[in-house]
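Down below is the structure, laid out as structure tokens.
These figures come from a predicted structure and were not determined experimentally.
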Amino acid sequence: VQLQASGGGSVQAGGSLRLACVASGGTFSRFQVGWFRRAPGKEHEFVAGINRNSANTYYTDSAKGRFTISRDNAKKTVYLQMSSLIPEDTAVYSCAARDVILTRPISAEERDYNYRGQGTQVTVSS
């Protein structure tokens with residue numbers, strides 16, 4: 001399974017970006033997917049996660065109300081719509097996936113995910 005994140009860029013504070021995580025290989029509809037980010041000098045941080053059928057989502061406090069995670073299983077893609085961006089959102093964003101049963105709670109721990117993709121840089125200027 002390979003994951004490829006895209007959609008990053010440079011925006012001013014208050015702007016929006018939509019990230020996409022495209023999977024190849026595996027049965028995407030079985031994957032729970034999480035978005036993570038790493039800011040300069042900081043630890044890897046969970047941002048948002050979505051379960052296999054989009055029935056459940058989970059956001060870190062800083063993302064609630066500003067970010068929306070969604071997925072299109074037919075396109076093997078998970079999206080992260082980011083709005084009201086602030087400079088503190090500047091980071092490399094990456095996605096991770098794991099093949100779990102539908103009822104497994106969404107994990108915020110990157111070590112729980114089996115597959116990880118390359119990141120995409122998001123830079124928010126003030």
Side-chain angles (χ1 to χ4, degrees):
V1 176
Q2 293 187 329
L3 303 173
Q4 181 64 54
S6 63
S10 297
V11 297
Q12 290 192 326
S16 300
L17 283 173
R18 188 176 80 156
L19 307 183
C21 172
V22 181
S24 58
T27 304
F28 185 73
S29 60
R30 294 181 54 85
F31 295 160
Q32 185 183 102
V33 178
W35 280 100
F36 294 81
R37 67 186 182 187
R38 185 189 295 275
K42 294 188 176 181
E43 295 290 321
H44 226 157
E45 175 188 23
F46 172 81
V47 178
I50 190 166
N51 77 336
R52 289 168 45 172
N53 65 357
S54 303
N56 291 313
T57 57
Y58 178 43
Y59 298 90
T60 191
D61 286 346
S62 63
K64 288 177 183 176
R66 300 189 301 126
F67 296 0
T68 302
I69 189 170
S70 62
R71 68 189 294 160
D72 184 335
N73 284 346
K75 295 182 178 179
K76 297 186 177 182
T77 302
V78 170
Y79 302 98
L80 185 67
Q81 177 68 49
M82 305 188 296
S83 302
S84 301
L85 286 162
I86 58 177
E88 290 75 14
D89 294 320
T90 294
V92 175
Y93 286 70
S94 59
C95 54
R98 62 176 186 166
D99 186 342
V100 295
I101 60 174
L102 181 61
T103 54
R104 182 71 63 89
I106 297 168
S107 174
E109 299 294 334
E110 190 182 20
R111 63 175 178 267
D112 291 337
Y113 291 81
N114 306 105
Y115 311 107
R116 299 175 185 84
Q118 299 283 354
T120 184
Q121 176 71 47
V122 172
T123 302
V124 184
S125 58
S126 58

| Hey, is CD on Q121 packed in by over 12 heavy atoms from elsewhere, all under 6.0 Å? |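 Counting other residues, nucleotides and ligands, CD of Q121 exceeds 12 neighbours.
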
| message | For the OH atom on Y113, are there more than 12 heavy atoms of other groups (residues, nucleotides or ligands in this structure) within a distance under 6.0 Å? | response |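 Yes - once you tally the heavy atoms of other residues, nucleotides and ligands closer than 6.0 Å, there are more than 12.
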
| query | Would I50 end up clustered with V47 when hydrophobic side chains under 4.5 Å apart are linked, directly or stepwise? | reply |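 Result: yes, single cluster for both.
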
| message | Between Q32 and R104 (side chain of the first, backbone of the second, donor and acceptor by atom type, cut-off under 3.5 Å), is there such a pair? | response |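 Present.
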
| field | Ring-face cation contact, F28 with R71, 6.0 Å cut, 45° max | value |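 Yes.
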
Heavy-atom side-chain contact between [X] and [Y] under 4.5 Å:
X   : Y   : answer
M82 : D89 : no
S24 : Q4  : no
N51 : N53 : yes

| Partner of C21 by side-chain contact (heavy atoms from CB on, under 4.5 Å), out of T120, L3, I69 |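 The option that passes is L3.
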
| field | Plane angle bin for Y115 and F31 - parallel if under 30°, tilted between 30 and 60°, otherwise perpendicular | value |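 If you compare the ring of F31 with that of Y115, the planes turn out tilted.
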
| Under the side chain to side chain contact (heavy atoms under 4.5 Å, CB included) test, residues paired with V11 that sit two or more places apart |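 Partners of V11 by the side chain to side chain contact (heavy atoms under 4.5 Å, CB included) criterion, ordered by chain and then number, come out as L17, L85, V124.
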
| query | Got a sec, which residues hit side chain to side chain contact (heavy atoms under 4.5 Å, CB included) with E88, two or more places apart in sequence or on another chain? | reply | I86

